[in-house]
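Reviewing the structure listed below.
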Number of protein chains: 2
Amino acid sequence: MPRPPTQRLTIRDIAQRAGVSESAVSLALNDRPGVSPATRERIRRLADQLGWRPSVAARALAGEGSATVGLVFARSISPLGVSSFFLQLMVGIQEALSHRGFGLLFQVVDGPDAECAAYRRMWAEHRVDGVLVVDPRLDDPRFEVLAELGLPAVVIGALTRSTNETEAESESDGGRLRVSQVWADDARAMAEIVDHLHELGHRRIVHIAGPAELAHTQRRVQSLRHEAERLGLVDARSIITDYSEDEGVAATVSVLAERVRPTAIVYDSDVQAVAALGAAAERRLSVPDDLSVVAWDDSVLCRSTRPRLAALVRDTVGFGRRAAEELLDLLDGGPAVTTEFDRPHLVPRGSIGPAPA
Amino acid sequence: MPRPPTQRLTIRDIAQRAGVSESAVSLALNDRPGVSPATRERIRRLADQLGWRPSVAARALAGEGSATVGLVFARSISPLGVSSFFLQLMVGIQEALSHRGFGLLFQVVDGPDAECAAYRRMWAEHRVDGVLVVDPRLDDPRFEVLAELGLPAVVIGALTRSTNETEAESESDGGRLRVSQVWADDARAMAEIVDHLHELGHRRIVHIAGPAELAHTQRRVQSLRHEAERLGLVDARSIITDYSEDEGVAATVSVLAERVRPTAIVYDSDVQAVAALGAAAERRLSVPDDLSVVAWDDSVLCRSTRPRLAALVRDTVGFGRRAAEELLDLLDGGPAVTTEFDRPHLVPRGSIGPAPA
DNA sequence: CTGAAAGCGCTTACAG
DNA sequence: CTGAAAGCGCTTACAG
């Protein structure tokens with residue numbers, strides 16, 4: 001025996017032990033007609049018992065796809081490790097995928113261009129059957145690439161500025177771009193926050209936002225502006241940052257130093273919101289008496305400060321799971337669809353209070 | 001043209017356009033002798049220009065391996081999203097892997113048994129050439145499986161309780177278990193913390209630890225005990241928790257309620273350390289005047305509290321990168337090695353002060 | 001309902 | 001230095 005147990009089992013081993021042909025085994029194991037129920041069962045049991053699993057490489061080569069989905073993350077866009085959002089998303093994605101025997105190929109790249117290159121490579125190397133796209137941007141170069149490759153994808157978050165257009169379907173080359181979307185209604189969520197603050201008497205609200213090129217940043221910014229007009233707020237504006245703690249603190253310090261300062265600040269990043277608590281304390285401002293603070297995306301961070309941070313809560317694991325399920329549907333030949341996932345909702349905690357007189 | 005640009009390029013396309021045989025292309029692209037420098041260059045340029053990439057499926061089937069590495073995470077062991085540690089590790093791993101054209105297959109499972117099953121499956125399906133193992137445990141069932149499969153692996157953190165034994169090499173079936181280790185000297189790091197606190201006058205130190213089954217928990221616990229004996233501390237003990245915020249707070253509340261309470265607490269989890277700040281505040285204890293607090297593994301959490309949390313800092317991205325590089329070496333046929341990565345070092349911040357009188 | 005054959009895209013001896 | 005052939009482990013028409 002050259003290398004006995006290491007040698008991986010093949011369909012041929014199963015066929016020999018079952019006393020049938022290789023194709024019979026293939027048919028039996030893939031639930032296709034052409035083999036009697038009795039032998040099908042026998043073959044199945046044998047395969048199970050021996051711990052046989054099809055070689056994905058062989059299946060991929062035979063045209064079955066790689067049973068793998070790609071996820072590429074550009075850390076220039078939203079810094080990894082900022083909150084648990086991304087990791088939770090991955091957990092959800094993983095759950096849905098492994099349920100169906102699919103693998104998740106994960107890659108971190110520097111920016112959008114590298115991300116496009118990564119898709120091309122994954123595709124050219126036959127590594128993935130489809131991809132999950134996060135952080136959709138305005139004028140996102142990735143969709144051209146996906147269209148060119150004919151690579152099925154699900155966008156997590158919405159593709160477009162207004163959630164009604166579905167670029168995916170309006171693509172001119174019809175049918176080649178197979179992109180589903182799973183989105184959350186950030187605009188309504190922002191409106192909910194603003195309304196809540198408005199009811200508490202707040203008229204000066206600042207939104208410390210993420211990067212301008214992100215589609216969801218735009219939706220939040222527009223929603224704030226819209227609500228501000230509707231409610232006649234004195235001051236309501238968004239300040240673009242790169243999600244970093246530093247820029248968040250800088251923006252916070254800057255607005256708190258204004259002659260008439262805001263009474264409430266909404267942060268797109270939980271890290272920034274937490275850091276802002278420190279900045280406010282240093283200015284001798286009490287949260288929530290002098291200043292109300294809200295963090296987008298709840299995390300353990302928000303719950304560990306005193307006061308605890310009011311935050312937008314959503315089922316991020318479920319979000320990821322749903323996105324992966326949509327991709328699997330697409331790979332099964334389903335149509336590209338746009339579905340809304342549960343809207344994030346505001347959980348008011350100690351950091352929100354009535355506006356100071 | 002049935003489906004023109006979607007059709008992926010093959011080695012045959014390159015061969016035709018270059019006017020050579022397929023094997024010539026293969027040899028040229030894989031840097032093997034048997035083709036003239038001129039044609040090699042020509043073939044290379046052509047492949048580059050056309051954007052050709054080898055099908056990993058085909059290569060894997062032809063015996064070249066899948067150029068993919070697996071990473072399985074059991075969330076029952078240390079909850080995901082607790083700190084940015086894991087994500088940073090992945091970023092580092094990714095960097096090293098993509099540098100060499102390797103992919104990272106990521107999977108989340110429920111516990112150790114599911115993790116073993118995941119390795120078996122990845123291996124049987126020809127999905128991975130090797131794996132990275134995190135959170136090594138005492139009596140870890142995973143290494144038996146790795147040995148049985150002959151699956152090369154790198155353990156992140158040390159395999160054994162005392163870092164001198166290298167089980168990897170002492171395996172009886174000699175050579176089949178190809179496991180390298182990259183470890184950090186947690187014992188020395190703990191000693192450093194204890195010494196620092198001791199110098200500040202602390203004699204009662206409590207360590208709120210992670211799960212007992214983790215090898216690094218044991219090393220920290222033992223180190224604390226050892227240092228306590230050496231320095232003659234009055235009270236020094238470790239309390240095992242599951243890393244959760246709840247158990248951390250419970251343990252904190254419990255020790256702070258004792259008649260003679262500790263003057264310093266070291267937390268294995270940054271989340272617990274931050275939460276403890278709240279618990280201390282509720283008991284009207286001032287940090288650091290009444291209580292010093294240290295968090296293992298620094299994170300943005302530790303820097304956003306007031307006072308900022310003293311923490312053990314290390315280059316987690318670099319740690320991941322190194323581990324991945326060790327695995328690549330192993331896959332290149334290198335020997336299994338045990339290497340130490342930079343020891344975490346204590347960064348004292350506002351949460352550490354002299355022991356109260 | 002079952003078996004023999006071809007092919008997926010590579011690599012690798014093996015002849016020329 | 002180059003070409004034709006076999007094989008990796010599957011799937012899928014195509015005969016029996």
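In what follows, chains carry the letters A, B, and so on, assigned in the order in which the sequence lines appear, proteins first and then strands, with residues in each chain numbered from 1. Source: prediction; values computed, not measured.
Contact check, A:R59 against D:dT11: a side-chain N or O comes under 4.0 Å of OP1 or OP2. Listed pair B:T39 / D:dT2 meets the phosphate criterion, a side-chain N or O lying under 4.0 Å from OP1 or OP2. In terms of phosphate contacts, B:S21 brings a side-chain nitrogen or oxygen within less than 4.0 Å of OP1 or OP2 of D:dG3.
Considering every non-hydrogen atom in both B:D129 and B:A67, the closest pair reads OD2-N, 2.8 Å. What you find for B:I14 and B:L46 is that their closest heavy atoms are O-CD2, 3.8 Å. A:R40 approaches A:R32 most closely through the heavy-atom pair NH2-O, 2.7 Å. The nearest pair of heavy atoms linking B:R137 to B:P112 is NH2-CB, 2.9 Å.
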Protein-nucleotides 13-16 of chain C N/O pairs closer than 3.5 Å?
none

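With respect to the salt-bridge test (charged N to carboxylate O, under 4.0 angstrom), the residues A:R120 and A:E148 qualify. Salt bridge status for B:D135 with B:R75: absent, with no side-chain N to carboxylate O gap under 4.0 Å.
Using a 4.0 Å heavy-atom cutoff across all strands shown, B:S26 reaches at least one base atom of the nucleic acid.
Computed from coordinates, the B:L29 CG to C:dT12 C1' distance equals 15 Å when rounded to whole Å. For the pair B:L61 CG and C:dT12 P, the computed distance is 13 Å after rounding to whole Å. Rounded to a whole Å, the CZ atom of A:R40 is 13 Å from the C1' atom of C:dT2. If you take CZ of A:R127 and P of C:dG9, they are 17 Å apart, rounded to a whole angstrom. For the pair B:E22 CD and D:dA4 P, the computed distance is 10 Å after rounding to whole Å. Atom P of nucleotide C:dG3 and atom CZ of A:R12 are separated by 14 Å, given to the nearest angstrom. As rounded to whole Å, 6 Å separates atom P of C:dG9 from atom NE2 of A:H126. Whole-Å rounding puts the B:I11 CD1 to C:dC8 C1' distance at 13 Å.
In this structure, A:R32 and B:A62 both approach DNA chain D, and ranking their closest nucleotides by distance from the 5' end singles out B:A62. The 5' end of DNA chain D is approached more closely, in terms of each residue's nearest nucleotide, by B:G19 than by the other of B:G19 and B:A58. Place A:A60 and A:A24 on DNA chain C by their nearest nucleotides, and A:A24 ends up nearer the 5' end.
With a cut-off of 3.5 Å on both pairing distances, the Watson-Crick or G-U wobble partner of D:dC14 is C:dG3.
Closest to the B:P54 side chain, of the nucleotides D:dT2, C:dC10, D:dG9, is C:dC10. The side chain of A:S36 lies closest to C:dT2, out of D:dC10, D:dT12, C:dT2.
A:S66 contributes a side-chain N or O that, together with a main-chain N or O of A:R127, makes up a donor-acceptor pair within less than 3.5 Å.
Looking at A:I93 and A:I156, their side chains come closer than 4.5 Å, going by heavy atoms from C-beta outward.
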